[in-house]
Amino acid sequence: MASEAAAKPRGDRLCTICNTKQAALKRPKTLEQICKECFYAVLEDEIHRVIVDNHLFKRGERVAIGASGGKDSTVLAYVMAELNRRHDYGLDLFLLSVDEGITGYRDDSLETVKRNEIQYGIPLKVVSYKDLYGWTMDEIVKLIGLKNNCTFCGVFRRQALDRGASLLKVDKIVTGHNADDIAETVLLNILRGDIARLSRCTSIITGEDGPIPRCKPFKYTYEKEIVMYAYFKRLDYFSTECIYSPNAYRGFAREFIKDLERIRPRAILDIIKSGEDFRIATHTKMPEQGNCERCGYISSQVKMV
């Protein structure tokens, strides 16, 4: 969690936006020194503009918020509820959580989500790996060890969100993927030479050809600003990392991008812009998307058995 001492700029400078209140923080994205109230207003307005400019929702839609209890999804739930009320989006909001079955991690974070349900007045639906697949991640890791378990979990989680959304009969799912996450994904896909994912990883709406589209309202929102927002708003979120992910490949990309951000704050947005501007040659053969032969859900491979 970002500490208040780290967030406060030195000296008694006035907010560069309102020029009346003392600056409480320096925005990581712009380096502006602003007060808390202006920070809330600017960040919420930026997210609102992203939603409106990209036509993420239509009035009357049922929208599931992917809720893990972490900072991103907690801030997403709070901001979506606030913007839906303030700007009259006319959305029916739901919290959708996935219980992977990770003792000491997911069971604790789900308690946070249950509190968020009460705090924000948004109904909660929980789906579990055990009910859907007959396995928990604890059981899978016990069987295969710590190698590649994030790959298994990622595939299961995406399908679990789709199935939970189907049970809620929602039109869209929103996730808390932020600018840092998307920049990491661009970098990872370049390093792996993954042309198929590179061509779509910066899309603000994905899965339009699948059962339920997914939207990323935080596409241009820095992780540090999400942490600051949660801290100053005193939101209730769970901050422990997954016990099975410390050695995940994504972590190395994350550290590299943090180093770039320290040198040049705009590096995160620049990487996203680069990903958006990539053009795949027309003669490049793209992998075909298939469906699982057993359950019928979308598969990353042409065939699954």
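Worth knowing before you read on, the calculation uses all heavy atoms, side chains too, and leaves out hydrogens, waters and symmetry mates.
Glu111 has a carboxylate O that lies under 4.0 Å from a charged side-chain N of Lys114, or vice versa, which qualifies the two as a salt bridge. A salt bridge between Asp88 and Arg59 is present, with a side-chain N of the basic residue lying under 4.0 Å from a carboxylate O of the acidic one. Residues Lys273 and Asp277 are paired through a salt bridge, judged by an N-O separation under 4.0 Å between the basic side chain and the carboxylate. Look at Arg254 and Glu261 and you find no salt bridge, because none of the NZ, NE, NH1 or NH2 atoms lies under 4.0 Å from a carboxylate O. In summary, Asp72 and Lys216 do not engage in a salt bridge, as defined by a charged side-chain N under 4.0 Å from a carboxylate O. Ion pair Asp99/Arg106 not flagged as a salt bridge, since none of the NZ, NE, NH1 or NH2 atoms sits closer than 4.0 Å to an Asp/Glu carboxylate oxygen. Under 4.0 Å is where a charged nitrogen must lie from a carboxylate oxygen, and between Lys29 and Glu223 no such pair does. Under the 4.0 Å criterion applied to side-chain N and carboxylate O atoms, Glu32 and Lys26 are not assigned as salt-bridge partners. A salt bridge links Glu139 with Lys130: the distance from a Lys NZ or Arg NE/NH1/NH2 to an Asp or Glu carboxylate oxygen falls below 4.0 Å.
Judged by distance alone, the side chain of Thr202 and the main-chain N or O of Ile272 form no donor-acceptor pair under 3.5 Å. The main-chain N or O of Thr185 is found under 3.5 Å from a side-chain atom of Asn189 such that the two form a donor-acceptor pair. Checked by atom type and distance alone, the side chain of Tyr133 pairs as donor or acceptor with a backbone atom of Phe156 at under 3.5 Å. Not one N or O on the side chain of Tyr120 forms a donor-acceptor pair closer than 3.5 Å with the backbone of Met80. In this structure, the side chain of Asp236 does not engage the main chain of Arg115 through any donor-acceptor pair within 3.5 Å.
Note on ring orientation: taking the six-membered ring where Trp is involved, the planes of His87 and His48 are parallel (angle under 30°, cut-offs 30° and 60°).
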Assess whether side-chain contact (heavy atoms from CB on, under 4.5 Å) is satisfied between Cys153 and Tyr129, documenting all intermediate values. CA-CA 9 Å; Cys153 193; Tyr129 284 7; 3.3 Å; yes
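In terms of heavy atoms, Val42 sits closest to Arg27 at CG1-NH1, 3.0 Å. When all heavy atoms of Ile173 and Leu161 are compared, the pair lying nearest together is CD1-O, 3.8 Å.
Here the CD atom belonging to Glu225 is positioned 11.0 Å from the CZ atom belonging to Phe218, to the nearest 0.5 angstrom.
For Glu117, the side-chain hydrogen bond (donor to acceptor under 3.5 Å, both in side chains) test picks out no residue, with sequence neighbours left out. Judged as a side-chain hydrogen bond (donor to acceptor under 3.5 Å, both in side chains), and not counting sequence neighbours, Ser97 has no contacts.
In this structure, Lys233 forms a cation-pi arrangement with Tyr40, its terminal cationic atom sitting closer than 6.0 Å to the ring centre and no more than 45° off the ring axis.
Between the side chains of Asn116 and Gln119, a donor-acceptor pair is found at a separation under 3.5 Å. Side-chain contact, Glu100 with Tyr105: no donor N or O sits under 3.5 Å from an acceptor N or O. One side chain, Thr103 or Asp138, offers a donor N or O that lies under 3.5 Å from an acceptor on the other.
Counting only heavy atoms from C-beta outward, the side chains of Val79 and Leu43 never approach each other to under 4.5 Å.
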